[in-house]
Amino acid sequence: MRVSSGTPTLGLDTLVRLQRAVREAGTPRRLPVPDGMTAPLGCDAVAAPARLGPLVLPRLPRVGCVYADEAHWWWIVPSDSDYALEWPAPARYATGAALPDAPGVPGLIHRPEGTVPYTPPIPLYLALCRLTNTTPTWSRPVSA
């Protein structure tokens with residue numbers, strides 16, 4: 001059907017392309033697992049301000065993939081590493097290693113030996129608690 005006002009009509013191909021563009025624009029960026037590595041436990045990520053990154057590294061027994069941009073350092077952890085934990089502010093936990101606010105994907109600054117990209121979450125959690133002067137969740141008093 002043509003509109004007599006001279007306005008062009010949109011075909012099905014154009015409408016499908018527009019719908020895909022809308023969906024892709026709303027999809028957050030994710031930290032990639034480097035080639036040759038596998039993530040059998042899924043991937044989440046923990047971000048901390050860039051000023052804390054160099055202070056966290058020496059406190060960890062094993063360092064997995066670490067990404068960085070000017071504002072944050074990101075550590076890859078197994079999925080559900082936030083279970084029963086409140087990660088201390090200003091750290092942020094990103095389910096699916098999604099970066100909703102990031103203008104681009106941060107650069108990989110550390111890649112571990114082997115094929116697994118994970119930083120152990122409990123030592124990372126404890127290092128961030130220590131650096132932010134936060135009591136770990138399991139050490140807080142329980143109220144009745």
Side-chain angles (χ1 to χ4, degrees), residues 1 3 7-144:
M1 174 193 256
V3 177
T7 305
T9 58
L10 297 177
L12 184 58
D13 289 340
T14 303
L15 292 172
V16 168
R17 210 172 22 254
L18 289 172
Q19 179 62 31
R20 285 184 182 148
V22 168
R23 200 171 326 131
E24 289 169 7
T27 303
R29 299 177 199 282
R30 296 188 186 283
L31 291 175
V33 173
D35 289 339
M37 299 192 103
T38 61
L41 302 175
C43 278
D44 288 346
V46 176
R51 65 182 167 74
L52 294 178
L55 302 173
V56 170
L57 286 181
R59 296 173 184 263
L60 298 174
R62 178 186 189 284
V63 180
C65 289
V66 181
Y67 296 80
D69 58 25
E70 291 179 8
H72 296 93
W73 282 32
W74 300 84
W75 286 266
I76 296 287
V77 294
S79 292
D80 300 324
S81 293
D82 62 337
Y83 181 77
L85 291 179
E86 292 175 33
W87 286 82
R92 293 184 300 162
Y93 190 85
T95 302
L99 312 171
D101 317 4
V105 176
L108 181 66
I109 62 168
H110 182 269
R111 179 186 170 136
E113 296 287 327
T115 61
V116 180
Y118 306 124
T119 294
I122 298 301
L124 177 59
Y125 173 79
L126 291 172
L128 288 167
C129 283
R130 170 78 61 162
L131 292 170
T132 60
N133 200 26
T134 302
T135 302
T137 303
W138 55 78
S139 296
R140 295 180 192 154
V142 177
S143 59

(request) Compute whether any side-chain donor of one residue and acceptor of the other, for Tyr125 and Thr137, lie under 3.5 angstrom apart. (result) yes
Got a second to check how far [X]'s [atom1] is from [Y]'s [atom2], nearest 0.5 Å?
X	Y	atom1	atom2	answer
Arg130	Thr134	CZ	OG1	11.5 Å
Asp69	Leu99	CG	CG	8.5 Å
Arg59	Leu126	CZ	CG	10.5 Å
Leu52	His72	CG	NE2	10.0 Å

Is any side-chain heavy atom of [Y] closer than 4.5 Å to one of [X]?
X	Y	value
Leu108	Cys65	yes
Ser81	Tyr93	yes
Tyr118	Cys43	yes
Pro112	Pro117	no
Leu41	Val77	no
Val46	Trp74	no
Ile76	Val33	no

List the atom of [X], the atom of [Y], and the distance in Å for their closest heavy-atom pair.
X	Y	value
Ala98	Arg30	CB-NH1, 3.5 Å
Asp82	Trp87	CA-NE1, 3.7 Å
Pro34	Tyr67	CD-OH, 3.6 Å

(request) Evaluate the criterion side chain to side chain contact (heavy atoms under 4.5 Å, CB included) for residue pair Trp73 and Val66; output intermediate values, then yes/no. (result) CA-CA 7 Å; Trp73 282 32; Val66 181; 3.9 Å; yes
(request) Enumerate the residue pairs fulfilling ring-ring contact (aromatic ring centres under 6.0 Å, His included) with a member in residues 35-63, sequence neighbours excluded, ordered by first and then second residue. (result) none
(message) Run the side chain to side chain contact (heavy atoms under 4.5 Å, CB included) test on Trp75 and Asp44 for me, step by step, so that the C-alpha distance in whole Å, both residues' side-chain angles and the decisive distance to 0.1 Å come before the verdict.
(response) CA-CA 8 Å; Trp75 286 266; Asp44 288 346; over 6 Å; no
(request) Check for a donor-acceptor pair, side chain of Thr132 on one end and backbone N or O of Leu128 on the other, with a separation under 3.5 Å. (result) yes
(message) Keeping Thr119 on the side-chain end and Gly64 on the backbone end, is there a donor-acceptor pair under 3.5 Å?
(response) yes
(message) Holding to side chain to side chain donor-acceptor pair (under 3.5 Å), I want the full list of residues that pass it with Ser79, two or more places apart in sequence or in another chain.
(response) none
